[in-house]
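Computed from a predicted model, the values in this text were never measured in an experiment. We count ligands from 1, going down the list as the structure has it; atoms in each ligand are counted the same way.
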Amino acid sequence: MENEKRAGFTSSFGAVAAAAGSAIGLGNIWRFPYTVGQYGGGAFLLIYIIFVFLLGVPLIMSEFIMGRRSGRNVLGAFRTLAPQRKAWQSVGWLAILSSFLIFSFYSVVAGWTFNYIILAGAGKFEGQSSEAIAQIFSNFTTNTWSPIFYLGLFIFFTALVVVKGVQKGIEKTCKVLMPILLLLMILLCVRSITLDGASKGLDFLFKPDFSALTAQGVLSALGQALFSLSLGMGCLVTYGSYVRKEDNLLKTSVSIAAADTLIAVLAGVAIFPAVFAFGMNPASGPSLVYEVLPNVFNSMPLGIVFATLFFVLLTIAALTSTISLLEILVAWAVEELHMKRIIATVFCAAVVFAIGVLCSLSFGALHDFTICGQTIFGLFDKLTATYFMPIGALALTLFVGWQLPSADSRDELSNGGALKCSYYKIWLFTVRYLAPIALVIILIAGSLGAEM
Ligand code: PFF
């Protein structure tokens, strides 16, 4: 089994498309705009970009190093690279657990998006008051069966891609979907910035007002960067194991971070000018895209078309991310539990669906069932974002920075000496000291701030 030949990405574009597909998701188009809205706009954006490039890129490189060096799934990577130090494997297990939990609640929201394509396309928001639009959202999410149906459908489509394997499933799908996503996004941005009164929204997004930035905002920017770049749960370890030996890991990592940031900023450009032009509230939180945007589309010419395109875009972004979440699990089940790919896919998808049903019911029938004051959905979201992902990211950097011999990491970054790697010392300093310190700070602050 250890020597079995594994299929990998066939080109560097394929690798970037797949990993950028993982990074670009609901985190960019749903979570990023409302977080920017809550923490005051431009100043948050600036801090966020600094975190992405200063810490995010070195962390992406670290996960890629682990994956490519070991050629294994996230648990197998720890086992292969540190066979004597079994304790590290607990980090692999934590990553698997995080993937199950994140995939479950993420698919609930992704399923809503699916339904919104249909609602928007059928013109259900047309001529409705904002109260009626909010009511549509709450009627749908509190309903028992309909969100579960869309949740199942979304997981089914994800499984359909993953079962076909890395090249014919993941790489091929991402290579087609990512350029479409970029085109749709540009189209929406053009529509938004040509609206009367759009400049207020652009000012909000791009003019930094540091007085609006709080310590909580800075921490959220770091947390958002981790989530958005799919870090801390072995996703990029798994994808790294499919990256070709001749690909330049620095270039690949910078391209992923740049693509992810570009789409997040474009999402802001598509959303805020429209929100301001129609006098809506930019700080309305998680319901921004479901409750506020339909009003915005309502008030613009060809609103039905743009609303439908927007939800198609959100669905594509979510799908390329759930594909990566399922691949973390399938790679683990195939390599560690020795399952056939098809069985592994069905098994992991079924477990995720079962947990997802509980998350979905958190908005309706199980709304009053709380653990530590949180619904099941809220608990999984909080547990993973506040603890599991930062702990996973911390452990991964410590592993690559201190446990993995530096000769190995240098060898990976320089492709066996073929590339000049003058930045090596800066990278090593970042993963040994800067990143761990920043992650410990978010962990402590996150635990103190969380009401759990
Ligand atoms: N990066 C994704 C997003 O921004 O929506 C979410 C995600 C995908 C997180 C895959 C973690 C992961 F392994």
Any idea which protein heavy atom is nearest [atom], and the distance to it?
| atom | result |
| --- | --- |
| atom 8 (C) of ligand 1 | Ser230 OG, 3.4 Å |
| atom 2 (C) of ligand 1 | Ser22 O, 3.3 Å |
| atom 9 (C) of ligand 1 | Phe227 O, 3.7 Å |
| atom 11 (C) of ligand 1 | Met233 SD, 3.3 Å |

message = Tell me whether ligand 1 is touched by Ile102 - counting only heavy atoms on the residue side and a distance under 4.0 Å.
response =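 No, Ile102 has no heavy atoms under 4.0 Å from ligand 1.
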inquiry  = Within the structure, is a non-hydrogen atom of Tyr106 found at a distance of less than 4.0 Å from ligand 1?
reply    = yes
request  = Calculate, to the nearest 0.5 Å, the distance between atoms OG1 and CG belonging to Thr430 and Leu54 respectively.
outcome  = 6.5 Å
request  = To the nearest 0.5 Å, tell me how far Phe310 CZ sits from Leu293 CG.
outcome  = 5.0 Å
request  = Answer yes or no: is there an ion pair linking Lys164 with Glu327, defined by an N-O contact shorter than 4.0 Å?
outcome  = no
ask   = Do Ser220 and Thr35 meet the criterion of a side-chain donor-acceptor pair at a distance under 3.5 Å?
value =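 Absent: no donor and acceptor within the cut-off.
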Once you measure the plane-to-plane angle for [X] and [Y], does it fall in the parallel (<30°), tilted (30-60°) or perpendicular (>60°) bin?
| X | Y | answer |
| --- | --- | --- |
| Tyr48 | Phe44 | parallel |
| Phe227 | Tyr106 | tilted |
| Phe276 | Phe204 | tilted |

Which of the numbered atoms in ligand 1 are below 4.0 angstrom from a heavy atom of [X]?
| X | answer |
| --- | --- |
| Asn28 | 4 (O) |
| Leu325 | 10 (C), 12 (C), 13 (F) |
| Ser228 | 1 (N), 4 (O) |

Looking only at distances, please establish whether an N/O atom of ligand 1 is found under 3.5 Å from an N/O atom of [X].
| X | value |
| --- | --- |
| Cys235 | no |
| Gly27 | yes |
| Ser324 | no |

query = Hey, are the side chains of Phe311 and Leu314 touching, using non-hydrogen atoms and a 4.5 Å cut-off?
reply =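 Result yes, sub-4.5 Å side-chain heavy-atom pair found.
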task = Record the part of Ala23 in heavy-atom contact with ligand 1 below 4.0 Å; permitted values are side chain, backbone, both and neither.
result =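 Only the backbone of Ala23 comes within reach of ligand 1.
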request  = Flag the pair Tyr116 / Phe125 as yes when their ring centroid distance falls below 6.0 Å, and as no otherwise.
outcome  = yes
